[in-house]
Amino acid sequence: AKEFIGTWIQNTDSNFTVMRGTMNDAGELEMKWEAALPGSDELVPHRSTTKHTKDTYVNKFYMGEGEDEVQQMTISMKRKK
């Protein structure tokens, strides 16, 4: 199906999330899922993008969609030479 599947279990509550995504031609993985807002049962769209190279790793997390999308966090690592 050319689809990636990921899971996430939150350590602060009992939420279990299944993410689905694809890899684009530039080698960037995009995953999408829905998750509840903290203290709420309202499900909100989320997505992440992940790009690996030989010496770097960048993972960005977003909440919402379209004009309401907000970047929540970036994890960026670089290999020390």
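What you are looking at is a predicted structure, and each value in this text was computed from that prediction instead of being measured.
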With a 4.5 Å heavy-atom cut-off, do [X] and [Y] have their side chains touching?
X     : Y     : answer
Pro45 : Trp33 : no
Val58 : Ile75 : no
Ile5  : Met31 : no

Test of understanding: clusters of I, L, V, M, F, W, Y form through side-chain heavy atoms closer than 4.5 Å, transitively. Do [X] and [Y] belong to the same one?
X     : Y     : answer
Met19 : Val44 : no
Leu29 : Phe61 : yes
Phe4  : Trp8  : yes

Can you tell me if His52 uses its side chain to pair, donor with acceptor, with the backbone of Thr50 under 3.5 Å?
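No: the side chain of His52 does not pair with the backbone of Thr50.
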Keeping the roles fixed (side chain from Asn59, backbone from Thr49), state whether a donor-acceptor pair exists under 3.5 Å.
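The answer is yes, because a donor-acceptor pair under 3.5 Å joins these two groups.
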Atom OH of Tyr62 and atom NZ of Lys32: how far apart are they, to the nearest 0.5 Å?
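Going from OH on Tyr62 over to NZ on Lys32, the span is 12.5 Å.
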Arg47/Glu65 salt bridge by N-O under 4.0 Å criterion
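No, this pair does not count.
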Are the charged groups of Glu3 and Arg20 less than 4.0 angstrom apart, N to O?
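Salt bridge: yes.
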For Lys2 and Thr22, which heavy atoms make the closest approach, and how far apart are they?
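What the structure gives for the nearest pair is O-CG2, 4.0 Å.
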Minimum heavy-atom distance Met63-Leu37, with the two atoms named:
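Heavy atoms of Met63 and Leu37 come nearest at SD-CD2, 3.7 Å.
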Out of Gln71, Met73, Glu28, which one pairs with Lys60 under the side chain to side chain contact (heavy atoms under 4.5 Å, CB included) rule?
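Per the side chain to side chain contact (heavy atoms under 4.5 Å, CB included) rule, the option paired with Lys60 is Gln71, out of Gln71, Met73, Glu28.
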